[in-house]
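Step one of this worksheet: look at the structure below.
What you are looking at is a predicted structure, and each value in this text was computed from that prediction instead of being measured. Whatever order the structure lists ligands and atoms in, that order sets their numbers, starting from 1. The figures that follow rest on heavy atoms only: side chains count, while hydrogens, waters and symmetry mates do not.
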Amino acid sequence: MNNESLLWWKNTVIYHIYPRSFYDTNGDGIGDLNGIREKVAYLSELGVGAIWMGPVFTSPQVDNGYDIANYREIDPLFGTLEDMDALIATAEEAGIRVLLDLVFNHTSDQHPWFVASQSERNGDYHDYYIWRDPAPNGGPPNDWMAWFGGSAWTYNPHREQYYLNLFTPQQPDLNWENPAVRKELVDIANFWLDRGVAGFRMDVINLISKDFAGAGTWCDGPRVLEYLQEFRQNLHRRDEIVLVGETPGITVDRARAYTLPENGALDMVLTFDHVMVDQSPTSKWVPQRWNTADLIEALLKYQEGLAPECWNSIYASNHDQPRVVSRFGDDDRYWYESATALATLFYLLPGTPIVYQGDEIGMINFPIKTMQDLVDVESRNAYNNFVNEERCAPAEAIARIAPVARDNSRTPMQWSGDRHSGFTTAEKPWYPLNPTGEEIHVHRQMYGQNNGGAHGENRSILRYYQHVIRLLQTDLFRSGELDLLFYNDRAVLYARETPFERALVMVNLCSHEALIPGEYLNNEGTPVTYSYRVLSNTPVPELQINEDFHLPPFSAVVHLFGSVMSSASA
Ligand code: TEU
Ligand code: CA
């Protein structure tokens with residue numbers, strides 16, 4: 001294999017699956033591995049080259065699988081080890097690689113390691129987790145707060161010590177300082193690599209080394225890079241696989257260090273700046289005004305900071321974020337326009353796109369109205385905190401949580417116009433389908449049953465995604481350089497170029513017209529012809545070099561110059 005084909009992950013689109021909400025094949029209302037396998041044909045029609053699925057391992061499901069009790073077994077909710085093998089094989093036949101989600105910062109408190117660790121101060125597992133004596137007053141060892149509320153320390157009467165849990169108390173943090181722990185984790189990763197997976201997404205991987213002494217933070221501690229290097233060094237097929245690290249709170253410098261090829265750690269990181277532009281820096285529940293410029297700056301920070309030596313990942317939403325079209329677009333009046341404009345803006349940037357399930361059909365936020373609609377542990381804890389501690393009225397608590405709750409993006413996938421959008425034959429799916437299910441679904445957008453309505457009439461976001469994904473397979477978008485030419489609070493213009501080809505990507509992300517000044521549309525000096533094709537989500541005038549270009553509300557236009565392959569036109 002040559003070096004280029006080892007870097008397959010630079011030339012592909014990764015599709016992110018939330019297993020419990022993808023497709024249910026045994027009628028229990030919960031998506032499963034066989035459901036993913038049945039939809040491999042769909043994924044290949046969409047054009048993706050890899051899937052990353054959220055954790056499907058044995059788990060008490062306190063945090064929907066991000067609390068793992070056995071890393072080598074599939075949770076019966078999702079199927080069996082044989083189902084996983086079959087999925088990997090079917091995907092491989094379709095040219096689709098499978099990535100798993102490794103949750104290695106913490107385990108479930110039901111994991112045998114933790115059960116042993118909490119029962120004795122000097123057994124084999126005593127040092128597998130982060131245990132500390134109480135502070136002199138008997139309280140927690142320091143003031144760290146858990147991400148899902150409360151102190152990050154939980155007292156264990158048996159050991160008469162506290163253990164660290166950066167998420168829920170049912171998710172104790174592993175002690176990576178213990179070499180035995182690191183060895184266990186490498187063995188687990190190799191177990192899955194030997195079964196044929198092509199890499200991993202590594203959950204909150206920049207939290208694995210805590211800085212208790214120095215700055216006193218839990219994020220990007222002093223040994224993260226060293227641990228990651230050692231980890232990769234010991235992996236089977238270490239040069240063929242991809243490691244994508246989830247890294248909340250990361251800085252550009254750290255992101256560079258973790259992804260520099262010569263450092264032999266990660267291949268890409270998932271950064272958070274762009275999914276925080278609409279939130280206060282101190283709390284995700286406090287909204288903050290944002291505009292197109294803020295989003296562009298958050299994205300460009302890593303384009304400029306990491307390229308060309310390091311590689312970017314590009315994602316617009318995931319299972320922890322609200323739906324992208326509801327968040328940065330307009331999921332009603334400009335539903336089609338804004339969903340496609342956002343896809344254009346994000347995925348035509350250099351980097352590997354990671355498309356979250358349902359975004360390709362423009363799924364929107366769930367209309368969260370009561371406490372019953374909050375199923376996620378983070379949402380429920382926030383609700384209880386607002387109502388019981390901050391004395392909020394229930395309606396006000398819901399109003400604060402609804403737009404950002406993780407539940408929004410975890411509703412089942414909308415496959416067809418059938419009952420429960422064809423997701424399940426069960427009476428009751430684990431979470432109700434979004435009420436837009438009859439209008440927004442794969443079948444309509446794939447086969448063009450457009451019966452009108454706000455979400456119909458030839459407005460197939462899915463087909464637009466297919467065009468974008470095809471465009472990404474051209475040399476221009478695989479290797480073209482990025483040139484940010486213009487942006488303001490409404491719109492952005494960037495170019496991608498090789499010596500032979502050029503694309504001008506224009507996106508307006510607001511509900512007013514926007515103007516790209518003619519001075520930025522000067523093509524002088526670029527050795528390409530002026531003949532061009534257009535990918536556009538809206539009728540637009542011809543591009544006149546040097547003349548102002550008017551973009552309708554929420555629109556995207558890609559002008560292609562040179563010999564870019566013909567299938568790129570839409
Ligand atoms: O998420 C880590 C993370 O950064 C989250 O805290 C995220 O910012 C938050 O969900 C936003 O509200 C990962 C997983 O993606 C998430 O589902 C898990 O709950 C978490 O780790 C703990 O494993
Ligand atoms: Ca099922």
### Task
Using a 4.0 Å heavy-atom threshold (strictly under), name the region of E378 that reaches ligand 1: side chain, backbone, both or neither.
side chain
### Query
Can you say whether the rings of H16 and W52 are parallel (under 30°), tilted (30 to 60°) or perpendicular (over 60°)?
parallel
### Task
Check step by step if salt bridge (charged side-chain N to carboxylate O under 4.0 Å, His left out) holds for D331 and R323.
CA-CA 9 Å; D331 62 16; R323 282 289 173 186; over 6 Å; no
### Task
Please indicate whether any nitrogen or oxygen in H106 is less than 3.5 Å from any nitrogen or oxygen in ligand 1.
yes
### Message
One residue to check: M276. Relative to ligand 1, which of side chain, backbone, both or neither has a non-hydrogen atom less than 4.0 Å away?
### Response
neither
### Query
Near R410, which atoms of ligand 1 are under 4.0 Å from a heavy atom of that residue?
17 (O)
## Note on the structure
Taking only non-hydrogen atoms of V204 and a 4.0 Å limit, the atoms of ligand 1 in range are 2 (C), 21 (O)
### Query
Going by the atom numbers of ligand 1, which of them fall below 4.0 Å from some non-hydrogen atom of H319?
14 (C), 15 (O), 16 (C), 17 (O)
### Task
Return a yes/no value for W147: is any of its N or O atoms, backbone included, closer than 3.5 angstrom to an N or O of ligand 1?
no
#### Entry: E390, CD: over 12 other non-hydrogen atoms inside 6.0 angstrom
yes
## Note on the structure
protein heavy-atom neighbour closest to atom 3 (C) of ligand 1 works out as E246 OE2, 3.6 Å
### Query
If only atom types and distance count, is the side chain of D75 paired as donor or acceptor with the main-chain N or O of S59 below 3.5 Å?
yes
### Query
For the Ca ion (ligand 2), which protein N/O/S atoms are closer than 3.0 Å?
D24 OD1, N26 OD1, D28 OD1, I30 O, D32 OD2
## Note on the structure
heavy-atom search around atom 14 (C) of ligand 1 in the protein gives D203 OD1, 3.1 Å
### Task
Please identify which atoms of ligand 1 are closer than 4.0 Å to at least one heavy atom of F272.
4 (O), 8 (O)
### Inter-residue atom distance S209.OG - N175.CG, 0.5 Å rounding
10.0 Å
### Task
Would you confirm whether D85, through its side chain, and I88, through its main-chain N or O, come within 3.5 Å as a donor-acceptor pair?
no
### Parallel, tilted or perpendicular: rings of W131 and F114 (30°, 60°)
parallel
### Query
Taking heavy atoms and a distance under 4.0 Å, where does Q279 meet ligand 1: side chain, backbone, both or neither?
neither
### Query
What about H106 and Y66, are their ring centers closer than 6.0 Å?
no
### Message
Any side-chain to backbone donor/acceptor pair from D373 onto T370? Under 3.5 Å, distance only.
### Response
yes
### Query
So H319 and Y356, would you call those rings parallel, tilted or perpendicular, with 30° and 60° as cut-offs?
tilted
### Query
Should the proximity of F148 to ligand 1, defined as any heavy atom under 4.0 Å, be assigned to the side chain, the backbone, both, or neither?
side chain
### Query
Of the options Y129, W113, Y71, which is the one that meets T107 in a side chain to side chain donor-acceptor pair (under 3.5 Å)?
Y129
### Query
For ligand 1, which atoms, with element, lie under 4.0 Å from some heavy atom of P248?
4 (O)
### Message
Tell me the protein heavy atom at minimum distance from atom 10 (O) of ligand 1, and give that distance in Å.
### Response
R406 NH1, 2.8 Å
### Query
Between Y23 and W415, how do the two ring planes meet: parallel, tilted or perpendicular, split at 30° and 60°?
perpendicular
### Summary
atom 15 (O) of ligand 1 sits nearest the protein heavy atom D320 OD2, 2.5 Å
### Task
Note the single closest protein heavy atom to atom 19 (O) of ligand 1, along with its residue, its atom name and the distance in Å.
D63 OD2, 2.5 Å
### Message
Donor-acceptor check, side chain of Q229 to backbone of N263, threshold 3.5 angstrom: yes or no?
### Response
yes
### Query
Going by heavy atoms in the side chains, are I241 and L235 under 4.5 Å from each other?
yes
#### Entry: Protein heavy-atom partner closest to atom 11 (C) of ligand 1 - residue, atom, separation in Å
K284 NZ, 3.5 Å
